[in-house]
Number of protein chains: 2
Amino acid sequence: MATTSIKEQVYQELSRVTHAISNPKRMELIDVLSQKDYSVEELSKEIAMSIASTSQHLQVLKSAKLIDKQRQGNFIIYSITDDSVLRLVFAVKELGFRKIAEIERLIRDFKTDKNILESITLDDLLIRSKKEKIILIDVRPEEEYKAGHIPNALSIPLEQLQKRLNELPQNKTIVAYCRGPLCVMAADAIKLLNEKKYKAIRMEDGYVEWKLKRQEKSKN
Amino acid sequence: MATTSIKEQVYQELSRVTHAISNPKRMELIDVLSQKDYSVEELSKEIAMSIASTSQHLQVLKSAKLIDKQRQGNFIIYSITDDSVLRLVFAVKELGFRKIAEIERLIRDFKTDKNILESITLDDLLIRSKKEKIILIDVRPEEEYKAGHIPNALSIPLEQLQKRLNELPQNKTIVAYCRGPLCVMAADAIKLLNEKKYKAIRMEDGYVEWKLKRQEKSKN
DNA sequence: AATCTATTCAATTATTTTGTTGAATAGTTG
DNA sequence: CAACTATTCAACAAAATAATTGAATAGATT
C-alpha cells in the first residue's frame with residue numbers, strides 16, 4: 001500500500017480529462033470546434049483571447065486527447081478527436097442547464113434581451129414539420145454548414161440574410177438555427193425576419209445536438 | 001462589450017460543474033455515492049482521506065449541484081442529485097478508458113495483477129444467459145445491493161463468500177460483479193471461486209452501468 | 001536557400017486550489 | 001437541558017493554474 005493503487009492512478013488520469021474541460025475558455029474552444037475544424041488564429045478570434053493563450057489552452061485539450069491537430073499549408077488545424085467528446089460536453093450542459101439556477105437565469109435574461117419570445121427544440125421541429133411545410137434555415141457561416149448540417153436545411157449565413165430575403169416565402173413558417181442555445185446568430189436572424197413580416201421562430205438546438213440525437217436513436 | 005457577455009457567464013458557470021469533477025478524489029466520491037448514499041465519515045474511509053478534507057470536497061460537489069445532503073439521526077447523508085450526474089461521469093469514463101493510453105495500460109496491469117483472464121460485459125451476459133443457465137452474484141456490501149441491483153442477482157458480499165459457497169452450484173457458470181471496472185471485489189471473488197473449482201468469470205460492468213444502459217434503451 | 005509567418009515555448013506574476021490541523025457549530029439523544 | 005459527536009469552518013503553507021509578453025521554432029512559399 002506504499003505506492004498509490006491502480007484505482008487512484010486511473011482517477012488521476014481521468015481527472016486530466018475533466019481538468020481539460022474545467023475552464024470556460026477551453027469549453028468554449030470545444031464548442032467552436034464542434035461545429036467545424038479551425039486554425040489557432042481563427043479560434044483565438046472566436047474566443048476573444050491572445051493567440052499564445054489560445055495555443056496554450058489547445059495544448060491542454062490535446063494532451064487530454066479531446067482534440068487533434070494537423071497541418072494544412074501554413075496553418076495548423078485543430079479538430080475534435082471524436083464524438084465521445086461531444087457526448088461529454090453534452091452531458092455537462094444537460095446537467096448545468098437543468099440544475100444550476102444561475103445558468104437558468106442567465107439564459108432567461110439572454111432570451112429576454114434578444115426578445116426571443118418563442119423557440120422550439122428539435123423534437124418540436126419534427127412534430128411541426130409533419131403538420132405544416134416548414135422552411136429550415138442554417139444561419140451559421142457557410143463553412144460550418146458545409147462541414148455538416150441538418151438535412152433539408154438551407155444555408156443562409158446571417159450576414160447574407162438581408163440580401164437573400166427574396167428566397168424565402170412569406171406564407172410559410174421559417175425556423176432558424178445556428179450553433180446552439182448560447183449562440184446569438186439565429187436570434188438575430190429571427191429579429192430581422194420578424195421585422196420584415198416573416199413568420200419566423202428560433203430553434204435552440206443546432207447541428208451538433210441533432211447529430212448526437214440521431215446517433216442515440218440509431219443505436220437501439 | 002464592457003461587461004462580460006452572457007455566453008461567457010454561462011461558460012463560467014458551466015465550468016463550476018466541470019471543475020467539481022476535475023479532481024481525482026471528488027470523482028471517486030461520486031463513484032462511491034453512485035452505489036449508495038453514505039455519510040461523511042464513511043466516505044472519508046472509502047476514499048482514504050481526512051474527514052475535514054472529505055467534507056471540503058463534498059462542499060464543492062454540493063455547490064455544483066452534483067450531490068445533495070440530508071440529515072439522518074446523528075449523521076448527514078450525502079447522495080447523488082440525479083441520473084444526469086451518472087451520465088456525466090459515464091461520459092468522462094467512456095472517453096478516458098478508450099482514448100487515454102495511460103489508462104488502458106493501468107487497466108491492463110490491473111487485470112494482469114489480479115489474474116483476470118476472462119471478463120465479460122453486460123451485453124455478453126445477456127447473450128450468454130440465453131444460451132445457458134447462469135448464476136449472477138453481487139459481491140458488494142449488502143447495503144449497496146439493497147439500494148439497487150441487477151435483476152436476478154444474488155447478494156453474496158465478498159467477506160461472506162467463503163462461508164456461503166454451498167449456496168452455489170458447481171456445474172453452472174457463475175458471474176460476479178461489483179462496483180464496476182475499477183473495483184477489486186469481483187476479481188477477488190473470482191479468484192476464490194476458481195480455487196474452489198467453480199466455473200466463475202468476472203463482469204466488468206456494475207449496477208450503475210446496468211441502470212444507465214436500461215434507461216437508454218427504454219428512451220426510444 | 002532565404003524569407004515569411006503562424007504557432008509554440010519560456011519566464012513571470014497574480015490568483016486559485018489542495019490538504020492539514022485544531023477550533024467551532026449544530027443537531028440529537030439520553 | 002446537558003452532554004455528545006459528527007460535521008463544518010478558519011487559517012495556513014505548498015503547489016498548481018491562468019494569462020501576458022516577447023523570443024524561438026518549424027514549415028511553406030518565392
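All heavy atoms count here, side chains included; hydrogens, waters and symmetry mates do not. Each chain gets a letter, A, B and so on, in the order the sequences are listed, and its residues count up from 1.
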Give the rounded distance in Å between these two atoms: CD1 of A/Ile51 and P of C/dT5. 13 Å

Just the rounded figure in Å: distance from P of D/dT8 to CD1 of B/Ile67. 9 Å

Determine, step by step, whether A/Glu209 and A/Lys213 satisfy the salt bridge (Lys or Arg N to Asp or Glu O under 4.0 Å) criterion, reporting the C-alpha distance in whole Å, the side-chain angles of both residues, the deciding distance to 0.1 Å, and the verdict. CA-CA 6 Å; A/Glu209 288 79 8; A/Lys213 202 154 248 172; over 6 Å; no

Nearest-angstrom distance from the residue atom CG of B/Leu29 to P of D/dT7: 13 Å

Check for me whether A/Lys36 meets the cation-pi criterion with A/Tyr38, that is, NZ or CZ under 6.0 Å from the six-membered ring centre and within 45 degrees of the ring axis. yes

Between P on C/dT18 and CG on B/Leu61, what's the gap in Å once rounded to a whole number? 11 Å

Would you say A/Thr121 and A/Asp124 are linked by a side-chain donor-acceptor pair, where the criterion is simply a distance under 3.5 Å? yes

Test: B/Glu102 and A/Arg16 ion pair at under 4.0 Å: no

Under the 3.5 angstrom rule, does the side chain of A/Arg202 hit a backbone N or O of A/Ser119 as a donor-acceptor pair? no

With a 3.5 Å cut-off and no angle check, do the side chains of A/Ser84 and A/Asp82 form a donor-acceptor pair? yes

Could you tell me the separation between the CG atom of B/Leu58 and the P atom of D/dT8, rounded to a whole number of Å? 7 Å

Quick one: is C/dA6 close enough that its OP1 or OP2 comes under 4.0 Å of any side-chain N or O from A/Tyr78? no

Has B/Gln72 got a side-chain N or O lying under 4.0 Å from the OP1 or OP2 atom of D/dA6? no

Of the nucleotides D/dT8, C/dT7, C/dC9, which has the atom closest to the A/Phe75 side chain? C/dT7

Remember a base hit wins even if backbone is also touched, and classify A/Lys62 as base, sugar-phosphate or nothing at under 4.0 Å, heavy atoms. nothing

So which of residues 37-46 of chain B are in contact with DNA chain D, with a heavy-atom cut-off of under 4.0 Å? B/Ser39, B/Val40, B/Glu41

Check whether any side-chain N or O of A/Lys69 sits under 4.0 Å from OP1 or OP2 of C/dT7, and answer yes or no. no

Lys/Arg N to Asp/Glu carboxylate O, A/Arg179 vs A/Glu46, below 4.0 Å: yes

Do B/Asp31 and B/Ser34 have a side chain donor and acceptor closer than 3.5 Å? no

Pairing residues for A/Ser155 by the side-chain contact (heavy atoms from CB on, under 4.5 Å) criterion, not counting sequence neighbours: A/Glu142, A/Tyr145, A/Pro157

Counting primed atoms plus P, OP1 and OP2 as sugar-phosphate and everything else as base, spell out the protein contacts along nucleotides 17-30 of chain D at 4.0 Å heavy-atom distance: B, S or - for each nucleotide, 5' to 3'. SSBBBB----SS--

Can you measure B/Ile76 atom CD1 to D/dT5 atom P for me and round it to whole angstrom units? 16 Å

